[in-house]
Protein chains: 2
Amino acid sequence: MATGRTHRPATRSRGIPEATVARLPLYLRALTALSERSVPTVSSEELAAAAGVNSAKLRKDFSYLGSYGTRGVGYDVEYLVYQISRELGLTQDWPVVIVGIGNLGAALANYGGFASRGFRVAALIDADPAMAGKPVAGIPVQHTDDLEKIIDDNGVSIGVIATPAGAAQQVCDRLVAAGVTSILNFAPTVLSVPDGVDVRKVDLSIELQILAFHEQRKAGEEATGESEAVVRAPKDSGKGPDGDVPAVMPA
Amino acid sequence: MATGRTHRPATRSRGIPEATVARLPLYLRALTALSERSVPTVSSEELAAAAGVNSAKLRKDFSYLGSYGTRGVGYDVEYLVYQISRELGLTQDWPVVIVGIGNLGAALANYGGFASRGFRVAALIDADPAMAGKPVAGIPVQHTDDLEKIIDDNGVSIGVIATPAGAAQQVCDRLVAAGVTSILNFAPTVLSVPDGVDVRKVDLSIELQILAFHEQRKAGEEATGESEAVVRAPKDSGKGPDGDVPAVMPA
DNA sequence: CCATCTTTGTGCACGCGTTCACAAAGACAT
DNA sequence: ATGTCTTTGTGAACGCGTGCACAAAGATGG
């Protein structure tokens, strides 16, 4: 994205294709589950099934990292967990700030998966003075005025934007100016950033629209097609206002 | 997904490439903004800039929809909004259910962008009996026991899963059995679904890991490279527990 | 030590997506 | 009406990603 993904054209980072990088976290998750069940080794076929991909693709992906498998046996789970973690840079701790503590921002702050993989919520930042000092997920919210100082003091290089769309670009500019070089954007806006800064976006609205497209297509085929399956018939409604509200977007 | 995206191999739906479909919502958003500012026409160059894509790509994307532009002038904003909306199936109303009303589920329910583009939250569903009847975002939460009836009564074909990972597959199975054919999955799990069902996933953890990879790469290049810019130095911390908690994932 | 069997690692071909570059189309001025 | 100028629509080339299919590698048993 991804789907999502902001233009990183032909920049195959250190020879590892972008598509492969995007799948490594998937493998890592499956491997971690196996590790917790104390499974010692796993074949490409099994692991591929668990990760929901083709086994040939998985093997090719791993081949970019090196030859970590044993022919006739499979992959050592623990070893592979370590190798992938290292490749993804998860052996170190990444402090993260979340800007915009509304419904979504608070949900993100409460998300347990943060700490699990080397990410740590270093600070929560919001523009509303009334929020300042109020603890969310055990972390006191700080005011936007101190953004630069917070970034600097904590050595933050990854920022999460969960503000309304109108504020996103401005927040983004300040984050970048303060030294942030990776941004995860939940606001429904296209952010423009200088070279060297990575942006990934997560947009609920876009995801739903893509699903709607396919849904419509299915309905259309069904109508013209053979089997007269049950056609879903949604009622129509007045169009709602176009919210400038924080959102959730996909890579 | 991308990035998400679940394997839809060579199924170019009605001739429109999947990559193009994924960008249509982006164009639509930019066009809507122009429409609100009463801009009558826009060139491919301007619109591409607003959507953050290449102008040639945009023109090719539009060429799949038909010839809606005027050479020497550009595109009629209102007309294009309508055409894209129609293509995406947004001229009709799509009732959506959200299953799993935790932090994230509640945030999604409160998200204003839902109503804006033809989506309507038809019901909120949670497994916790204590939640039943309690209103979230003005909509009373219903119990999982009634899931099938809710789907059927409202003619729902799109479901959003915001449950913990452990419950996701089970919820998914029930949704599909009840007639849902499109699923937006926020749980950090690979869902397996029968053919004909579309799944898109949004995973915060995966997005962060991808950013961490690039971040690490930048740091590495910096070290071996020329300019001795300020190297961010995050402190290390004890590894947190691997939460089974709801998440946020990108296509 | 040899044979067999499993599973990895990868060369190759194919298809999708992106980008360039330009001809065709139309607006607009004279 | 004719010429100029802008902008679209698209043919063609290229590169990335995917999947097949198989040879190489190693484990395992006799």
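The structure displayed is predicted, hence computed values, not measured ones. Values below: all heavy atoms of this structure, side chains included; hydrogens, waters and symmetry mates excluded. Naming convention: chains lettered A, B, ... in sequence-line order (proteins, then strands); numbering from 1 in each chain.
In this structure, the CG atom of Leu58(B) is 14 Å from the P atom of dT10(D), given to the nearest Å. Residue Glu18(B) contributes atom CD, which lies 11 Å from atom P of dT18(C) at whole-angstrom precision. Between Asp61(B) atom CG and dC16(C) atom P there is a gap of 16 Å when expressed in whole angstrom units. To the nearest angstrom, P of dG26(D) lies 16 Å from CG of Asp76(A).
Residues Thr32(B) and Glu36(B) have side chains that never bring a donor and an acceptor to within less than 3.5 angstrom of each other. No hydrogens or angles considered: a donor-acceptor pair under 3.5 Å links the side chains of Thr20(A) and Asp61(A).
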Between the protein and nucleotides 6-10 of chain C, list every N/O to N/O distance that falls short of 3.5 Å.
unit_1 : atom_1 : unit_2   : atom_2 : d
dT7(C) : O4'    : Gly72(A) : N      : 3.0
dT8(C) : OP1    : Ser44(A) : N      : 2.5
dT8(C) : OP2    : Ser44(A) : OG     : 2.6
dT8(C) : O2     : Arg71(A) : NH1    : 2.9
dG9(C) : OP1    : Gly69(A) : N      : 3.1
dG9(C) : OP2    : Tyr75(A) : OH     : 2.7
dG9(C) : O4'    : Arg71(A) : NH2    : 2.9
dG9(C) : N7     : Arg59(A) : NE     : 2.9
dG9(C) : O6     : Arg59(A) : NH2    : 3.2

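One finds a side-chain N or O of Asn54(A) lying less than 4.0 angstrom from the OP1 or OP2 phosphate oxygen of dC20(D).
Arg59(B) meets the salt bridge (Lys or Arg N to Asp or Glu O under 4.0 Å) test with no other residue; sequence neighbours excluded. By the ring-ring contact (aromatic ring centres under 6.0 Å, His included) test, Tyr75(B) is found to be paired with Phe62(B), residues two or more places apart in sequence or in another chain being considered.
Residues Gln169(B) and Leu191(B) are in side-chain contact: their nearest non-hydrogen atoms beyond the backbone lie under 4.5 Å apart. The shortest distance between side-chain heavy atoms of Thr70(A) and Thr41(A) does not fall below 4.5 Å.
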